[in-house]
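First the structure, in the form of structure tokens, and then the observations on it.
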Amino acid sequence: MKKRQFIASLCLVSAGWAIELSPASLSAETPLVVQQPAPGVSAPAPNSKSPQVELLNPGVEPRQELRLKPAIDVKETTVMTVKMDMEISASGRSSPAAKIPVSVMTFETKVTKIDPNGDIHYEFAYTNSDIVGDTGNMPPAVRDAMRSALKSMVGMKGSFIMDNRGFNKGGNFILPEKADNNLKQMVGQMSKSLEQLASPLPAEAVGKGAKWRVSSSSDFGMNVNNIATYELASWQDGVASLNVSIEQQAKPQNITSPQLPPGTTLTLKSFASQGRGAATRRLDRLMPFRSTESVSSNSEMSAKNAGSSQELTITTKMAMEMTLESK
């Protein structure tokens with residue numbers, strides 16, 4: 001097994017998971033949509049339960065129901081920036097800390113219709129996606145593969161429906177004409193957990209200091225249980241400030257990803273992640289003005305090449321910071 005190639009591939013896989021497992025950057029409807037099946041095909045029904053929302057504390061009076069009602073035909077442009085650091089050790093030997101380039105993705109959203117029952121129809125499109133800054137000790141081939149994967153998202157678009165609490169109700173995805181097989185496999189896999197990307201609002205009326213918990217599971221090649229606990233830090237003049245704490249865990253399982261070298265079997269032994277974040281948003285806009293999120297994770301995996309009896313035990317420590325800004 002070429003350890004250097006495998007470790008580099010694992011960096012790409014882990015970078016993708018970190019973004020995909022994020023609780024939608026504290027937005028009930030952020031389309032972190034790298035989860036498309038095929039051009040013009042509706043997203044399949046999720047194979048896991050919808051996110052469960054539990055009100056822990058209603059907060060102080062005055063209270064009101066939080067319901068989304070964004071303006072129709074107003075285009076919003078959102079820039080998402082992701083920074084990561086990763087440390088990997090293989091069979092007890094530590095590799096140099098991987099300096100992963102900063103990822104910057106830009107997408108546009110627009111609400112096209114709001115139904116009488118409050119359901120929101122909206123469109124999105126990725127307009128730019130690239131890596132920036134120092135790539136450190138990352139091999140040029142891996143850097144180029146990461147840049148190519150990000151740029152392949154440009155032109156990806158679709159239309160979605162969600163209710164006014166932020167629960168996803170379906171949608172259509174359109175991949176760029178030049179999408180390669182890796183992208184098609186990846187987004188096809190992710191489409192199965194579309195609904196789990198939601199961070200819905202509570203049904204009850206809430207006030208300042210309210211807390212609620214959103215529990216869900218997601219499957220992006222690795223099945224993960226997610227718990228996000230939100231707090232309404234302030235609510236004034238239609239502007240909400242939210243804080244969130246994040247916990248994620250995964251049981252031992254086999255892992256699949258198109259970024260892994262052909263013939264590689266990857267088995268997860270343990271995975272745990274924790275983080276915190278904050279966001280400022282209006283309920284009359286589709287996207288938050290700004291949100292930030294910091295997450296750290298620890299995992300242990302075993303890897304084996306086809307036809308080989310050698311097993312490589314890999315431990316990974318990763319820290320991620322994600323910022324989302326809209327205008």
Side-chain angles (χ1 to χ4, degrees), residues 16 19-20 22-48 50-51 67-80 105-129 149-180 183-201 216 218-220 281-289 291 324-327:
I19 298 173
E20 291 142 17
S22 163
S25 288
L26 311 182
S27 168
E29 61 288 318
T30 304
L32 293 182
V33 190
V34 283
Q35 61 265 30
Q36 291 76 344
V41 177
S42 298
N47 54 8
S48 54
S50 298
R67 297 295 183 265
L68 300 166
K69 193 175 181 180
I72 297 174
D73 290 330
V74 174
K75 183 173 71 174
E76 298 179 35
T77 301
T78 303
V79 177
M80 182 170 67
M105 290 156 275
T106 303
F107 55 88
E108 296 177 347
T109 54
K110 184 175 71 171
V111 174
T112 57
K113 183 174 71 171
I114 297 181
D115 293 334
N117 67 353
D119 284 356
I120 300 163
H121 299 244
Y122 69 98
E123 299 174 343
F124 87 94
Y126 278 101
T127 58
N128 194 24
S129 188
L150 284 169
K151 284 189 169 296
S152 69
M153 296 168 59
V154 177
M156 191 180 297
K157 57 185 178 180
S159 57
F160 295 87
I161 304 172
M162 68 177 177
D163 69 15
N164 58 10
R165 288 178 56 202
F167 283 97
N168 288 307
K169 301 183 74 171
N172 293 301
F173 307 88
I174 300 175
L175 288 170
E177 291 183 3
K178 297 181 180 179
D180 60 20
L183 179 62
K184 291 177 181 178
Q185 291 176 34
M186 180 177 66
V187 298
Q189 184 181 63
M190 295 174 190
S191 67
K192 299 175 183 178
S193 293
L194 170 65
E195 187 159 345
Q196 302 308 318
L197 291 175
S199 298
L201 299 167
S216 64
S218 51
D219 187 353
F220 302 108
R281 64 164 308 133
R282 298 181 63 100
L283 298 183
D284 61 358
R285 290 187 54 154
L286 193 63
M287 305 301 299
F289 292 130
S291 71
L324 188 147
E325 296 181 307
S326 301
K327 60 181 181 179

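What you see below is based on every heavy atom in this structure, not just the backbone, and it leaves out hydrogens, waters and symmetry mates. Computed from a predicted structure; not experimentally measured.
Here the CD atom belonging to E325 is positioned 12.5 Å from the OG1 atom belonging to T77, to the nearest 0.5 angstrom. M105 CE to M80 CE: the interatomic distance, rounded to the nearest 0.5 Å, is 3.5 Å. To the nearest 0.5 Å, the span separating CD1 on I120 from OG1 on T112 amounts to 10.5 Å. For the atom pair CD of E108 and OH of Y122, the computed distance is 14.5 Å after rounding to the nearest 0.5 Å. Between K113 atom NZ and I72 atom CD1 the span is 9.5 Å, to the nearest 0.5 Å. If you take OG1 on T78 and OH on Y126, they are separated by 10.0 Å, rounding to the nearest 0.5 Å.
Between V111 and A71, the shortest heavy-atom contact is CB-O, 3.6 Å. Here the closest heavy-atom approach between residue I161 and residue D119 is recorded as CG2-CB, 4.1 Å.
Contact check for L175 versus M156: side-chain heavy atoms found under the 4.5 Å cut-off. Between I174 and S159, the closest side-chain pair of non-hydrogen atoms is not below 4.5 Å.
Of the possible polar contacts, one joining the S129 side chain to the L150 backbone as a donor-acceptor pair under 3.5 Å is found.
Salt-bridge check for D163 with R165: failed, with every basic side-chain N at 4.0 Å or more from each acidic carboxylate O.
Among R285, R282, R281, K327, the one residue that satisfies the salt bridge (Lys or Arg N to Asp or Glu O under 4.0 Å) test with E76 is R285.
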With side-chain contact (heavy atoms from CB on, under 4.5 Å) as the criterion, how do H121 and I114 come out once you've worked through the C-alpha distance, each side chain's angles and the decisive distance to 0.1 Å? CA-CA 6 Å; H121 299 244; I114 297 181; over 6 Å; no
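K69 pairs by the salt bridge (charged side-chain N to carboxylate O under 4.0 Å, His left out) definition with nothing, not counting sequence neighbours.
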